[in-house]
2 protein chains.
Amino acid sequence: MRVSLKDVALHAGVSIKTVSNVVNDQPHVTPTMRARVQKSIDELGYRPNLTARHLRKGRTGIVALALPELGNPYFAELAAEVVDAAAEHDYTVLLDHTGGRRDQETLVSQGFRARVIDGLILSPIELEAEDLRQRAEPVPLVLLGEREYDLPYDHISIDNVAAAREAVRHLISLGRRDIAFLGARRGRSQPAHLRLRGWREALDAAGLVADHRLVAATDGWGHADGAAAMARLLDAGHRPDAVFAYNDLIAIGAMRVLSERGLRIPEDVAVVGFDDVVEGRFGAVTLTSVSPDKASIARMAVESVLSQLNGAPRHQARRIHAGYSLVERESTLGRG
Amino acid sequence: MRVSLKDVALHAGVSIKTVSNVVNDQPHVTPTMRARVQKSIDELGYRPNLTARHLRKGRTGIVALALPELGNPYFAELAAEVVDAAAEHDYTVLLDHTGGRRDQETLVSQGFRARVIDGLILSPIELEAEDLRQRAEPVPLVLLGEREYDLPYDHISIDNVAAAREAVRHLISLGRRDIAFLGARRGRSQPAHLRLRGWREALDAAGLVADHRLVAATDGWGHADGAAAMARLLDAGHRPDAVFAYNDLIAIGAMRVLSERGLRIPEDVAVVGFDDVVEGRFGAVTLTSVSPDKASIARMAVESVLSQLNGAPRHQARRIHAGYSLVERESTLGRG
DNA sequence: CGTCAGCATTACAACGATGCAAAGCGATGT
DNA sequence: ACATCGCTTTGCATCGTTGTAATGCTGACG
C-alpha cells in the first residue's frame, strides 16, 4: 500500500496536520520541525494522493484535450504543444478523441467520458451550438478550431478567413486564375466555410470568378479524401492551375494524384495547404502552407482554462485569434 | 455546486446508502424504492463524483501513456489506438510525452508527472534498466517498443529482428546488393540494435557483406534526420542501390534527398521504411514499409495493465510479440 | 398471537487530505 | 511570579462515496 500522511506523521511523531503543512509549504512551521518531517517524508517515500487532495480541494491538476483525430499530424503536433503548455502550470493532459462525431463530441462536452478533470479543451467538428447550450457541466470549457458558436465559451483559433485569403492571394500573385478549393466537407451545413469564404473573397478582390465547380467536397480530412477529390475534379474535365486545400493532408493527397496524372507541381498546378504539418516539408515537392502558431494556440487554451478556474467571469466569452504565417515552399515556386 | 448523494437522499426522503445502492444497481432494493430514488436522481440531475468514488475504491479509471514524441505519426496513430482500446474497458488515457529523454522517462516511470493513474504504458528510448530497477512505484507498468530490459515488466513489441530481416530480404530478392541502413542513433549504446541486427543477419544469410560504412547514424527519428543521414552517405561517395530505414520518417527524409540528387526511386535506389505511417502511402513515391499491428499492440498493452490491476502476478514478466507485415509499395517496385 | 427468518434499509466508519479554530508553548513585560 | 501575546502545533470536521454491520420491518409458521 502507498504511504499516506498518517504513516509519515506516525514515523515522525507529529500530527497529520503538521505533515500536511510541511508538504504544502505553509508558513508557521519551524525549520527544525520542517527538517524532521521532511526526513520522514523522504525515508518513507511519501507522495500525496491527488485523488484525496482533489476531493478536498476540488482540483485534479488535469485538463482534458478532446481532438477529432490524433492520426492527423496537425492535431498530434497541437496535442504535444498542449501537453507542454499544461506542464508549465503543473497540469497534465488527459487525451480523448472524438473521431469528429457529433455524439462523441457532445458526450465529451458533458463530461461523460472523463469526469476527473478541471477543464476541457475541445476541438469540435460536428458539434452544434444546441448541443453545447444544454451543457450543465460546471467544468470550464475552451473551444478550438474553425467552428464558430455564439456561446459563452472562449474560442481560440487563427483568423481562418484572413489566412485563407492570404493563401489564395499568393496563388493569384503567381498568375494563377483557375484556383480550386479542396475540402469542403460533403453534406455538412458548415463545410469548412471560413476557409472557403477566404478563397471566395480573395478571388472577388482580384476580379476573378469564384467558380463553384472548382470547389470539391471531401468526406473527411485525410490524404485519401484529398486524392479522391482531386481525381474527381480532373475526371470531370477541370484543369485548375492552382489548388488551395482545406488542410495539408488533403493537399498532399491531391499532389499525389496530380503527379500520377502527369501534371507538374508547381509548373502546371500550384498547391497551397493549411496547417503546416512536418510532413509537408519533406515530400518530393515541399508544400506551401498556412502555418498556425500552434504553440500559442496551446498556451492560450491552457491559460483560458486556468483563468476560468480562478474565477474569471464565465459569461463573457472571448474570441481569441492566434497568429499565423504563410510559409512558401516548392509547391508555389516561381511563376507558373 | 454539484448534486451529491446527500441531496438526492434528502429529496427522496431516504438514506444516502439507499441512493448509493440504486446508483450501483445493488440487489435488495425493492422496485418501488428504486423507482422513487431514480425519480429524484433524474429530477436533480445527479451524477456520481468520480473523485470520491476513486478515493474510496482506490481506482481512477485512468491509464497513462507516455510516448517519446507525438509529432511522429507512428506514435500518434498508436496513441489513437490505445485511447480506443482503453475506452473499451471504460478507461481513459492520460497522455504524456518524454521527448525520448532519459530523465523524463525516469520521472514518468516513477509516477512524478501523473499521480492519479491506475497504470502506465511507457515507450522508452533512452531509459536504462537501472532506472527501472529503482522503481518503487506500485502502479502497474507495461513497456512498449524496441528497447529490451531484463526486468519484471511486461514488454510488448513486434519481433524487430525478424521484421527487419524480412524487409532486407525483400530488397535482396529485388537484386539489390549495397543496402544501406539509416537510423542507428548516434552516440548511443543501443542504437536501433534490433533492426540493425536484422539487417546484418539478412545480408549474412544471403552471402552479402554487411558493410558498416553503409550504416548511417542519425540524431533523432524525424524527416530531417533521415535527410541528413542520406546526404552524408552520398557526400561520402557511397551510392547504395537500396536503403532500409529505421522508420518511415527517416525513409521519407532520405527519399527527398535522393530525388534532389537526381536518383530515381526505386530504379536507382529502392527504399524500405518501418512503421507504415499513413504519410508513406501518399508521397510522390509510396513507401514500402514494415507495418506493425498497432491495434493489437495497443489492445495487449491495455489488457496487460488491467490484468496486473486485477492481481496478475507481477514478478513474472511476459515478452509479447505482436504481429506485423511487410507492405510493398512503389519504393521497391519491380526489378531495379 | 408470539417468534423468528430473511430481506430491505440505515448508521457508521473509512478512503487521504486540508481548512478552521482551538490548544499548547515559550518569550516578553510588569 | 503571573498575565499576555504570538507563533507553532494539533484536533476535528469535511469533501462524496462505499463496505460492513446493525437495525427495522414483513410475513410465515408454530
Side-chain angles (χ1 to χ4, degrees), chain A residues 1-41 44-62 90 111 115-118 137-139 309, chain B residues 1-41 44-62 90 111 115-118 137-139 309:
Chain A
M1 213 36 229
R2 252 174 120 120
V3 182
S4 75
L5 280 186
K6 194 162 133 193
D7 303 317
V8 179
L10 232 59
H11 185 268
V14 298
S15 79
I16 290 179
K17 191 65 228 280
T18 299
V19 181
S20 167
N21 286 338
V22 171
V23 170
N24 292 286
D25 261 328
Q26 297 288 347
H28 306 314
V29 179
T30 54
T32 330
M33 178 58 86
R34 191 177 295 277
R36 171 145 70 108
V37 172
Q38 190 59 53
K39 186 153 165 283
S40 292
I41 289 178
L44 296 180
Y46 167 78
R47 295 235 309 286
N49 177 326
L50 289 204
T51 305
R53 183 177 282 177
H54 173 228
L55 177 59
R56 190 62 237 253
K57 310 232 289 188
R59 296 272 179 101
T60 57
I62 299 178
D90 286 321
R115 288 158 290 191
V116 206
I117 59 174
D118 287 351
E137 194 69 10
V139 171
L309 270 177
Chain B
M1 213 38 227
R2 252 173 118 121
V3 182
S4 75
L5 281 186
K6 193 161 136 195
D7 303 318
V8 179
L10 233 59
H11 185 268
V14 298
S15 79
I16 291 178
K17 190 65 226 278
T18 298
V19 182
S20 167
N21 287 338
V22 171
V23 171
N24 292 286
D25 261 327
Q26 296 288 348
H28 307 314
V29 179
T30 55
T32 330
M33 178 57 86
R34 191 179 296 277
R36 171 147 68 109
V37 172
Q38 190 59 53
K39 185 154 166 285
S40 292
I41 289 177
L44 297 180
Y46 168 78
R47 292 237 310 286
N49 178 326
L50 288 205
T51 305
R53 184 176 281 176
H54 293 153
L55 175 59
R56 186 64 236 249
K57 311 237 280 191
R59 297 268 181 102
T60 59
I62 299 178
D90 286 321
R115 290 158 291 187
V116 209
I117 59 174
D118 288 349
E137 194 68 12
V139 171
L309 269 176

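Everything numeric in this text was worked out from a predicted model, so none of it was measured. Labels below follow one simple rule: chain letters A, B, ... track the order of the sequence lines, proteins then strands, and each chain is numbered from 1.
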- prompt: So which nucleotide from C/dT18, C/dC7, C/dG16 ends up closest to the side chain of A/Asn49?
  reply: C/dG16
- line: Which of D/dT18, D/dT9, C/dG19 is nearest the side chain of B/Arg56? It is D/dT18
- prompt: Does D/dG16 have OP1 or OP2 sitting under 4.0 Å from an N or O in the side chain of B/Thr51?
  reply: no
- prompt: Between A/Arg59 (side chain) and A/Asp118 (backbone), is there a donor-acceptor pair under 3.5 Å?
  reply: no
- request: Taking only the side-chain nitrogens and oxygens of B/Thr30, find out if one of them lies under 4.0 Å from OP1 or OP2 of C/dT9.
  value: yes
task: Check A/Arg2 against A/Asp7 and note the closest heavy-atom contact, atom names and distance.
output: O-OD2, 3.8 Å
query: Under 4.0 angstrom, heavy atoms only, what part of the nucleic acid is A/Val29 near: base, sugar-phosphate, or nothing?
result: sugar-phosphate
task: Could you please name the option among D/dG11, C/dT9, C/dA17 that lies closest to any side-chain atom of A/Tyr46?
output: C/dA17
message: Let me spell it out: for each of B/Arg34 and A/Leu5, pick the nucleotide of DNA chain C with the closest heavy atom. Which residue's pick is nearer the 5' end?
response: B/Arg34
- prompt: Using a cut-off of 4.0 Å on non-hydrogen atoms, how would the nucleic acid contact of B/Thr18 be classed: base, sugar-phosphate, or nothing?
  reply: base
field: Where A/Val3 and A/Val8 come nearest, the two heavy atoms and their spacing
entry: CG1-CG2, 4.0 Å
task: Kindly indicate whether the side chain of A/Lys6 and the base of C/dG16 share any N or O donor-acceptor pair separated by less than 3.5 Å?
output: no
- request: Would you mind classifying the nucleic acid contact of A/Val14 as base, sugar-phosphate or nothing, using non-hydrogen atoms under 4.0 angstrom?
  value: sugar-phosphate
- request: Assign A/Pro27 to base, sugar-phosphate, or nothing according to its heavy-atom contacts below 4.0 angstrom with the strands shown.
  value: nothing
message: Looking only at the side chains, is there a donor atom on one of B/His54 and A/Thr51 sitting less than 3.5 Å from an acceptor on the other?
response: no
- prompt: Rounded to whole angstrom units, what separation is found between the CD atom of A/Gln26 and the P atom of C/dT18?
  reply: 9 Å
Rounded distance (Å) that lies between atom P of D/dT17 and atom CG of B/Asn24: 10 Å
field: DNA chain C: 5'-proximal contact among B/Lys57 and B/Ile16 (nearest heavy atom)
entry: B/Ile16
task: Please report, rounded to the nearest Å, how far the P atom of D/dG6 is from the NE2 atom of A/His28.
output: 12 Å
message: Under 4.0 Å from OP1 or OP2 of C/dT18: is there any side-chain N or O of A/Arg53 that close?
response: yes
task: State which of C/dG16, C/dA17, C/dT10 makes the closest approach to the side chain of B/Leu55.
output: C/dG16
Integer-rounded Å distance: C/dT18 P and A/Lys17 NZ: 8 Å
message: Heavy atoms only, 4.0 Å cut-off, all strands: where does B/Ser20 land among base, sugar-phosphate and nothing?
response: base
- request: For A/Asn21, answer base if it contacts any base atom (sugar-phosphate contacts may also be present), sugar-phosphate if it contacts only those atoms, and nothing otherwise; contact means non-hydrogen atoms under 4.0 Å.
  value: base
query: Once you round it to whole Å, what is the distance between P of C/dC15 and CZ of B/Arg59?
result: 18 Å
